[in-house]
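Everything below concerns the one structure shown next.
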Amino acid sequence: MASGWFWRRKSTRKLVVDGTEIEKLVEDKEAFSSYVEHKFEELDRDHDGKLSVRELQPVVADIGAALGLPAVGSSPDSDHIYTEVLSEFTHGKQEKVSKSEFKEVLSDILLGVAAGLKRDPIVILRIDGADLREFVESPRFETEAVAIFSGVESSGSTLRTCLTAGLGQITVENGMPPASDAWVSSNVVEPALQSFSIDVLEMAASQEAFLDHFKKLLSEIVQHLQKRPVIVAHSENTFDGSGIRRLLANNFELGKLLDEAWKDLPKDRHHKVSTEFLRIALDKMAASADLPPFGAVSQVDDVVNEASKMVNADEGKLVNEEEFQQLMKEILGCIMLQLEGNPIFVSSNSVVHETLNSPSTLLPPSMAIPQVG
């Protein structure tokens, strides 16, 4: 899922982003009203008591970032989500948004994000070399190092090549930040490799040489991490269709979601909707179906695209409300069956390079988030 908004401290080297602080903020009516008042005044540049589409753009951008979407204009597949979020504020047709409308929509969006984080928390790890040192000194190190060397294409390879490939097999669970990250590579891995001579790094790799120098390399990395700890955001999720099955079995919730999705879609003069907008409707229902926003997980996007093709949802024909609801149920059913047959597991480790230098246009200063790169 997306990068987390709020942190809840669990230990000195581990934080959990679980949406708790979002819920507390929204559910405290006095605090949330005060917060909305402050943010509304901050966004209302012309001080006319309403927010224009332009004045809402910073909020929409913040929400997109929280969902893990690329910046506006960088991906046609995700730009429509930004459009839909903006449409939530303007109800698809208003040019100006009142304070009460802003508060209502912002509350719904924040609670939706909180629910997603509660379901799939993001763990923030401070990797300072302690866990990696423990791994290197443990009895299991040699066994795992042998297995790593066996899995590396070592025939005719230099020791440098095998050591670098081996680092890619050491995970955050062992205390190693992602070696593929550009910052980690240039500030941790390369300086550690420079502790070896060129002659050593260019020698032909053997298991004995690999085991000896791999241990030394990891010990060098431990020293670098002690001086410059690395912050890593870890998240994982399995999309197996179970959330869709629960939703389809709850007729009341399903009907309510379909009604809300239909209400906000653009319609022609005959009160019909083009099937091209079905993906927007699916995005509105995604959280309740345990699905990621379209554009966030490419493997799930492929399943959604295939399901849309199976029910001919991409033909752009016009449908009435009853036909819309039937098509949405068919799309959800197709996605569910595909995910049940082939669940999609997503795990990511993103290095947090720096903290935001300027206050967010959406979040309270006391809840400023790190910039995940």
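When side chains are defined from C-beta on, Phe196 does not count as touching Leu159, because their heavy atoms never get closer than 4.5 Å. Residues Glu323 and Val273 are not in side-chain contact: their nearest non-hydrogen atoms beyond the backbone lie 4.5 Å or more apart. Looking at heavy atoms from C-beta onward, Leu106 lies out of side-chain contact with Val26 at the 4.5 angstrom threshold. Side-chain contact between Arg140 and Phe135: present, with at least one pair of heavy atoms (C-beta onward) separated by less than 4.5 Å. Two residues are said to be in side-chain contact when any heavy atoms from C-beta on lie closer than 4.5 Å; Leu258 and Lys329 meet this criterion. Between Glu321 and Asp259, some side-chain heavy-atom pair lies under the 4.5 Å cut-off. Between Thr164 and Arg160 there is a side-chain heavy-atom pair separated by less than 4.5 Å. At a threshold of 4.5 Å between non-hydrogen side-chain atoms, the residues Leu282 and Phe294 do not count as touching.
Note that the CE atom of Met336 and the CZ atom of Arg245 stand 4.0 Å from one another [nearest 0.5 Å].
Ion pairing between Lys24 and Glu21 holds under the 4.0 Å rule for side-chain N and carboxylate O. Between Lys216 and Asp212 there is a salt bridge, with a side-chain nitrogen of the basic residue lying less than 4.0 Å from a carboxylate oxygen of the acidic one. A salt bridge links Lys39 with Glu42: at least one charged nitrogen is closer than 4.0 Å to a carboxylate oxygen. Lys227 has no carboxylate O lying under 4.0 Å from a charged side-chain N of Glu220, or vice versa, which leaves the two without a salt bridge. Using a 4.0 Å cut-off between a side-chain N of Lys or Arg and a carboxylate O of Asp or Glu, Arg126 and Asp128 qualify as a salt bridge.
A donor-acceptor pair is defined here as one N or O able to donate and one able to accept, closer than 3.5 Å; no such pair exists between the side chain of Asp44 and the backbone of Phe40. Judged by distance alone, with hydrogens and angles left aside, the side-chain atoms of Ser107 form no donor-acceptor pair with the main-chain N or O of Lys103 at under 3.5 Å. Distance alone, capped at 3.5 Å, places no donor-acceptor pair between the Glu142 side chain and the Leu211 backbone.
Across Pro58 and Arg54, no two heavy atoms sit closer than the pair CD-O, 3.7 Å.
One side chain, Ser242 or Asp240, offers a donor N or O that lies under 3.5 Å from an acceptor on the other. When only modelled atom types and interatomic distance are considered, Ser206 and Glu208 share no side-chain donor-acceptor pair under 3.5 Å.
Each of Leu201, Leu167, Ile221 was scored for a side chain to side chain contact (heavy atoms under 4.5 Å, CB included) with Leu193, with one residue passing: Leu201. Remark: of the listed residues Asp131, Val222, Ile170, Ile170 is the sole one forming a side chain to side chain contact (heavy atoms under 4.5 Å, CB included) with Met176.
Between His271 and Trp262, the ring planes lie perpendicular to each other; the angle is over 60°, past the 30° to 60° tilted range. Classified by interplanar angle (parallel below 30°, tilted 30° to 60°, perpendicular above 60°), the ring pair Phe210/Phe149 is tilted.
Hydrophobic clustering (side-chain heavy atoms under 4.5 Å, transitive across Ile, Leu, Val, Met, Phe, Trp, Tyr) keeps Met310 apart from Leu278.
The number of heavy-atom neighbours closer than 6.0 Å to NZ of Lys50, taken from other residues, nucleotides and ligands shown, is 12 or below.
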